[in-house]
Amino acid sequence: MEQTYSDRKQHQLVLQRITEVFEKPVEVGTFDSDDEQASIEIVKCQDSPFKGVTSYSTLGVYQCQNLLTADNRELNVEFMGICDSRNIWFDGLLSTCAFAMIKGKVRAHPYEVYKDIIPVYQPNIDMKHILLIPPFSLNRDLGVIETENRVITWLMLNPISEKEYDFMRENGWQKLIDAFVETNIDIYDVYRKSIF
């Protein structure tokens, strides 16, 4: 499907914002879904926001309907995440979340949990699910991009374990975030142990 001028402009604005916030040269790669019915771009930036970690963002998920509005415009999202640079499958994780969204299987709201995403890549580690949270830890905020017909913002992938998910269901997301802060988890380590 041919992109309109408006589509190309929005794509350019999103990429420009990612590049500005990641503050270093970025690489853009394309991922295809397993059934080859969809593709998504993933932006990658090594040693951002500091040496030893890599920042990632999807590019194009904002085109998916999210059933949320802001000021009578569609509220659309991109996914982002930061992980230890030794990880070689985190970009795939973002693409899996993106394809779930593109295919209409999930919506993207703050503190929504995408279940059983991580075992697709690593079945034998404590982390199992993705908790979507407002981005943090970057040197600058990704913020929002406002266009005529939509508002675009970012949600960050935060891996959680089954027991952490159970705790959140019983106590709410704020108590889980508080527990993460209290135990000082390494948020960049997808291989970390569950705190419960």
Side-chain angles (χ1 to χ4, degrees), residues 31 33-35 38 40 42 49 53-58 60-70 74-84 86-138 141-144 150-196:
F31 284 71
S33 60
D34 290 340
D35 60 8
I40 190 72
I42 304 284
V53 299
T54 300
S55 289
Y56 298 87
S57 176
T58 56
V61 178
Y62 71 86
Q63 296 169 342
C64 300
Q65 190 175 18
N66 197 27
L67 305 179
L68 290 177
T69 57
E74 278 191 59
L75 177 61
N76 301 104
V77 302
E78 293 289 354
F79 297 116
M80 64 81 56
I82 308 170
C83 78
D84 188 307
R86 291 172 293 188
N87 184 301
I88 58 170
W89 49 271
F90 198 83
D91 47 4
L93 201 61
L94 260 83
S95 73
T96 300
C97 291
F99 292 134
M101 182 83 180
I102 289 166
K103 293 177 182 182
K105 294 179 180 174
V106 294
R107 290 184 290 171
H109 303 176
Y111 310 106
E112 185 100 10
V113 174
Y114 286 7
K115 293 202 57 153
D116 299 314
I117 295 273
I118 294 173
V120 171
Y121 297 90
Q122 287 291 328
N124 301 316
I125 62 176
D126 281 7
M127 299 301 103
K128 303 296 180 194
H129 317 300
I130 292 296
L131 171 65
L132 298 177
I133 60 174
F136 68 98
S137 195
L138 293 162
D141 189 4
L142 283 158
V144 298
R150 58 169 50 115
V151 176
I152 303 165
T153 189
W154 277 260
L155 287 172
M156 183 172 182
L157 275 59
N158 186 48
I160 61 172
S161 71
E162 187 66 34
K163 288 183 178 176
E164 291 164 354
Y165 174 62
D166 291 341
F167 177 88
M168 188 184 89
R169 283 195 304 169
E170 289 174 22
N171 302 283
W173 61 263
Q174 185 61 63
K175 292 272 197 223
L176 178 62
I177 300 296
D178 291 346
F180 286 159
V181 171
E182 192 177 321
T183 54
N184 194 27
I185 64 165
D186 182 353
I187 59 167
Y188 310 115
D189 182 9
V190 186
Y191 292 90
R192 71 174 177 82
K193 292 296 181 185
S194 177
I195 64 171
F196 303 117

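Numbering starts at 1 and runs along the sequence shown. What you see below is based on every heavy atom in this structure, not just the backbone, and it leaves out hydrogens, waters and symmetry mates.
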A.B. asks: Which heavy-atom pair separates L138 from L142 by the least distance, and what is that distance?
C.D. replies: CD1-CD1, 3.8 Å
A.B. asks: Within the supplied structure, the quantity of interest is the number of heavy atoms (other residues, nucleotides, ligands) at a distance under 6.0 Å from D186 CG; does it exceed 12?
C.D. replies: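 Atom CG in D186 is crowded, with more than 12 foreign heavy atoms closer than 6.0 Å.
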A.B. asks: Once you round to the nearest 0.5 Å, how far does CD1 of I195 lie from NZ of K163?
C.D. replies: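 Taking CD1 in I195 and NZ in K163, the distance rounds to 12.0 Å.
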A.B. asks: For the pair N87 and T54, evaluate side chain to side chain contact (heavy atoms under 4.5 Å, CB included) and give the outcome as yes or no after the intermediate values.
C.D. replies: CA-CA 9 Å; N87 184 301; T54 300; over 6 Å; no
A.B. asks: Could you tell me whether a side-chain N or O of E78 sits under 3.5 Å from a main-chain N or O of V61, the two making a donor and an acceptor?
C.D. replies: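 Flag set: sc E78 to bb V61 pair under 3.5 Å.
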A.B. asks: For the pair T153 (side chain) and N76 (backbone), establish whether a donor and an acceptor sit closer than 3.5 Å, ignoring hydrogens and angles.
C.D. replies: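 No.
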A.B. asks: Could you check if a side-chain atom of I40 sits within less than 4.5 angstrom of a side-chain atom of L94, using non-hydrogen atoms only?
C.D. replies: no
A.B. asks: Flag yes if more than 12 heavy atoms outside Q174 fall under 6.0 Å of its CD atom; otherwise flag no.
C.D. replies: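 More than 12 heavy atoms, drawn from other residues, nucleotides or ligands, come within 6.0 Å of this atom.
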A.B. asks: Say you draw a straight line from CG of N124 to CD1 of I118; how long is it, rounded to the nearest 0.5 Å?
C.D. replies: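 The CD1 atom of I118 is 13.0 Å from CG of N124, to the nearest 0.5 Å.
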A.B. asks: Shortest non-hydrogen contact from P119 to D116?
C.D. replies: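 So the two residues come closest at CD-C, 3.6 Å.
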A.B. asks: Parallel, tilted or perpendicular for W173 and Y111, by the 30°/60° rule?
C.D. replies: parallel
A.B. asks: Please tell me if the side chains of D34 and F99 come closer than 4.5 Å, counting only heavy atoms from C-beta onward.
C.D. replies: no
A.B. asks: Does the side chain of N158 come within less than 4.5 Å of M156's, by heavy atoms?
C.D. replies: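 Result no, sub-4.5 Å side-chain heavy-atom pair not found.
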A.B. asks: Can you tell me how far OG of S57 sits from CD1 of I82, rounded to the nearest 0.5 angstrom?
C.D. replies: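 If I round to the nearest 0.5 Å, the distance is 11.0 Å.
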A.B. asks: What do the steps show when you test L132 against L157 for side chain to side chain contact (heavy atoms under 4.5 Å, CB included), and what is the final call?
C.D. replies: CA-CA 5 Å; L132 298 177; L157 275 59; 4.2 Å; yes
A.B. asks: CD1/I187 to CD1/I133 distance, rounded to the nearest 0.5 angstrom?
C.D. replies: 7.0 Å
A.B. asks: For a quick test of reading the model, state the closest non-hydrogen atom pair linking A108 to V77 and the distance between them.
C.D. replies: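 Where A108 meets V77 most closely, the heavy atoms are CB-CG2, 3.4 Å.
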A.B. asks: Nearest heavy-atom pair of H109 and L155: which atoms, and what distance?
C.D. replies: C-CD1, 3.7 Å
A.B. asks: Could you tell me whether K103 atom NZ has more than 12 heavy atoms of other residues or ligands within 6.0 Å of it?
C.D. replies: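 Enclosed.
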A.B. asks: Would the distance check show the side chain of S194 and the main-chain N or O of D126 forming a donor-acceptor pair, the cut-off being under 3.5 Å?
C.D. replies: no
A.B. asks: Return yes when atom NZ of K193 has more than 12 non-hydrogen atoms of other residues, nucleotides or ligands closer than 6.0 Å, and no otherwise.
C.D. replies: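 No, the 6.0 Å shell around NZ holds no more than 12 heavy atoms from other groups.
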A.B. asks: Would you say the side chain of Y114 lies within less than 4.5 Å of the side chain of L93, judging by non-hydrogen atoms?
C.D. replies: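 No, their side chains stay 4.5 Å or more apart.
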A.B. asks: V53 versus C83: any side-chain heavy-atom pair under 4.5 Å?
C.D. replies: no
A.B. asks: Looking at residues at least two apart in the chain, or sitting in another chain, which of them share a ring pair (Phe, Tyr, Trp, His ring centres under 6.0 Å) with Y165?
C.D. replies: H129
A.B. asks: So, for S137 and P49, which heavy atoms are closest and what is the spacing to 0.1 Å?
C.D. replies: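 It is O-CG, 3.3 Å.
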A.B. asks: Aromatic rings Y121 and W89: how do their planes relate, parallel, tilted or perpendicular, breaks at 30° and 60°?
C.D. replies: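 Parallel: the ring planes of Y121 and W89 meet at under 30°.
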A.B. asks: Under 4.5 Å between any side-chain heavy atoms of M168 and L131, yes or no?
C.D. replies: yes
A.B. asks: From E170 CD over to L176 CG, what is the distance, rounded to the nearest 0.5 angstrom?
C.D. replies: 11.5 Å
A.B. asks: How far apart are the C-alpha atoms of Q122 and V190, what are their side-chain angles, what is the distance that settles it, and do they pass the side chain to side chain contact (heavy atoms under 4.5 Å, CB included) test?
C.D. replies: CA-CA 10 Å; Q122 287 291 328; V190 186; over 6 Å; no
A.B. asks: Looking at F90, Y188, W154, F79, which hits ring pair (Phe, Tyr, Trp, His ring centres under 6.0 Å) with Y56?
C.D. replies: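 It is F90; the other options fail the test.
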A.B. asks: Find the distance between CD1 (I160) and CD1 (I177) and round it off to the nearest 0.5 Å.
C.D. replies: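 Between atom CD1 of I160 and atom CD1 of I177 there are 8.5 Å.
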A.B. asks: Is the closest side-chain heavy-atom distance between T58 and I42 below 4.5 Å?
C.D. replies: yes
A.B. asks: E164 and salt bridge (charged side-chain N to carboxylate O under 4.0 Å, His left out): which partner among R192, K128, R169?
C.D. replies: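 When salt bridge (charged side-chain N to carboxylate O under 4.0 Å, His left out) is applied between E164 and each of R192, K128, R169, only R192 qualifies.
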